[in-house]
There are 2 protein chains.
Amino acid sequence: MEYQLNFRVNNNIYIRDPESSELGKEIVRKAIELIYEIGYEHFTFKKLATEVGTTEASIYRYFKNKHFLLVYILNWYWSYLEFLVMFQLKNINDPQLKIRKVIELLTRELPTDSGRIKYNISFLNQIVITESSKVYLVKEIKEINQAEVFKQFKDLCNTISTIVLELNPQYPYPHSLSSTLIETSHNQQFFSSNLKRLTDVKTNEDVSGYVAAYLEDLVFRVLK
Amino acid sequence: MEYQLNFRVNNNIYIRDPESSELGKEIVRKAIELIYEIGYEHFTFKKLATEVGTTEASIYRYFKNKHFLLVYILNWYWSYLEFLVMFQLKNINDPQLKIRKVIELLTRELPTDSGRIKYNISFLNQIVITESSKVYLVKEIKEINQAEVFKQFKDLCNTISTIVLELNPQYPYPHSLSSTLIETSHNQQFFSSNLKRLTDVKTNEDVSGYVAAYLEDLVFRVLK
DNA sequence: CTTAAATGATAGTAACACTATTATAGTAAA
DNA sequence: TTTACTATAATAGTGTTACTATCATTTAAG
């Protein structure tokens, strides 16, 4: 169970570890529900406090502000995703199959068969699609990055680029392709659901199936 | 000069056309400077009013809120970009060259050789990279989309997918590839500047040159 | 049983996102 | 030339957000 280490999120993100108390866990759990329901911009600590049955002040003892709470949630997701990638790929040798698995994990809802899962994965998935770019598309990016807040994301990107190179050792842009894959998996899912004309998804077609097919096609064309 | 029609932004976006008065133009001009400087999150109508030398109330007569002001600015950019694409491509027959031109326009700073340009294109470019996804990654996406706010963006995406099909008529995902190109041009530029480890850019390498090379390589691998 | 840490309760402040009202200057029609 | 309409300025006000501070109370650990 050495993978459990990867589950930890960077402690620059929180003031007090939310996993260390019931209230902390409840804050994160309800935050996921609330952000899913009303979206990040409408989400406030006051509303969250009411949901949890606590006070704003108590939430501020765990997180500096709502931005860092979002960072925390996404980090949790990314580190869980990386864990799943590592776990599901460790007995696969065929790099082609590995890429397929990765794309599946990026597009389908994550499995919840781990005992450690306490959050609503389906909501989390939507949050990742809709809100994740908001954590880095900010003026304070340099400072935030110095706090090593994006380590999980970079690790995931590295893991994928290793597989990319297994498939085609000559390919010159493994990291860019990996970050493109991750980002594109989000925005194509969003577009397929909300701005269909920006994609070639058919009416009533399964969105994550469509995006998976598109990304697989893309990656194999690029790397063959 | 039939292209000038395309310069108009959809009037669901503003309350009063900012192009119809000096104050209106000044609001948009200073908004671009201010959003560039302090970022969308820190940008407020109050600060903008001070910059412009007017009052909050006056700005509210032009735009419903800062979200729609951003939408306006991005629409202006997208419609100018589409104008440039149309204009620069109309005498080119080779689809390969067309794609190269498009990628150049997506990654390099836009030329300002049109008499109609009144805004700081360099700032605009940065705003597009950093802020554009914020206009659609919101809970209100359905309502906003119904107001035809994203028409310019979709038009641009359509234009590019036509070229994609010229290069490879069998390619099954022309729209998704086009929207991926646009989005990836933004996020790879952002990553190359701010989170280099997510790309393969070299230290001191020119960012837009890197992204152009990456995207060209990608597109031609996909479409050949 | 004592003490420290975590939480709850309450209050308060500055900034933000608006809305409303009235005054005034400029312009266009009668 | 008056009238009348429009755009803007000036000012004020409201409810919400994003915090910070203080102090009382509960709880858990030594």
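This one's a predicted model, so the numbers in the text were calculated from it and none came from an experiment. All chains are named by letter (A, B, ...) in the order of the sequence lines, taking the proteins before the strands, and each is independently numbered beginning at 1. Atoms considered below: every heavy atom in the structure, side chains included; atoms not considered: hydrogens, waters and symmetry mates.
An OP1 or OP2 oxygen of D:dT8 is reached within less than 4.0 angstrom by a side-chain nitrogen or oxygen of B:S21.
Near DNA chain C, meaning a heavy atom under 4.0 Å from it, residues 22-38 of chain B has no residue at all.
Residues B:Y80 and B:W76 bring their aromatic ring centres within 6.0 Å.
For A:D200, the side-chain contact (heavy atoms from CB on, under 4.5 Å) partners are A:Y210, B:Y173, B:P174, B:H175, B:S176, not counting sequence neighbours. By the ring-ring contact (aromatic ring centres under 6.0 Å, His included) test, B:Y77 is found to be paired with no residue, residues two or more places apart in sequence or in another chain being considered. For the side chain to side chain donor-acceptor pair (under 3.5 Å) test, no residue two or more places apart in sequence or in another chain qualifies with A:S133. For B:F190, the ring-ring contact (aromatic ring centres under 6.0 Å, His included) partners are A:Y136, not counting sequence neighbours. Every residue meeting the ring-ring contact (aromatic ring centres under 6.0 Å, His included) condition with A:F45, not counting sequence neighbours, appears here in chain and number order: A:Y60. With sequence neighbours excluded, the residues that form a ring-ring contact (aromatic ring centres under 6.0 Å, His included) with B:Y36 are B:F123.
At a threshold of 4.5 Å between non-hydrogen side-chain atoms, the residues A:T184 and A:L106 do not count as touching. Within the 4.5 Å cutoff, side-chain heavy atoms of A:I141 are placed close to those of B:L195.
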Requested in this report: For each nucleotide in nucleotides 14-28 of chain D, reading 5' to 3', give B when a protein heavy atom comes within less than 4.0 Å of its base, S when such contact involves only the sugar-phosphate, and - otherwise.
Outcome: ---SBBBB-------

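Residue pairs meeting the salt bridge (Lys or Arg N to Asp or Glu O under 4.0 Å) criterion with at least one partner in residues 61-78 of chain B, sequence neighbours excluded, do not occur; the list is empty. Legend: salt bridge (Lys or Arg N to Asp or Glu O under 4.0 Å) pairs involving residues 32-46 of chain B, not counting sequence neighbours, sorted by first then second residue: B:E41-B:K134.
Protein chain B contacts DNA chain C from C:dC16 to C:dA20, reading 5' to 3' and using non-hydrogen atoms of the protein with a distance under 4.0 Å.
Side-chain atoms of A:S192 and A:Y214 include no donor-acceptor pair closer than 3.5 Å.
As judged by a 4.0 angstrom heavy-atom cut-off over every strand, B:Y62 is placed among residues touching the sugar-phosphate backbone only.
Axis angle between the ends of the helix from C:dC1-D:dG30 to C:dA30-D:dT1, five pairs each and rounded to 10 degrees, works out to 10°.
Using a cut-off of 4.0 Å between Lys/Arg side-chain N and Asp/Glu carboxylate O, B:R108 and B:E104 are scored as not salt-bridged.
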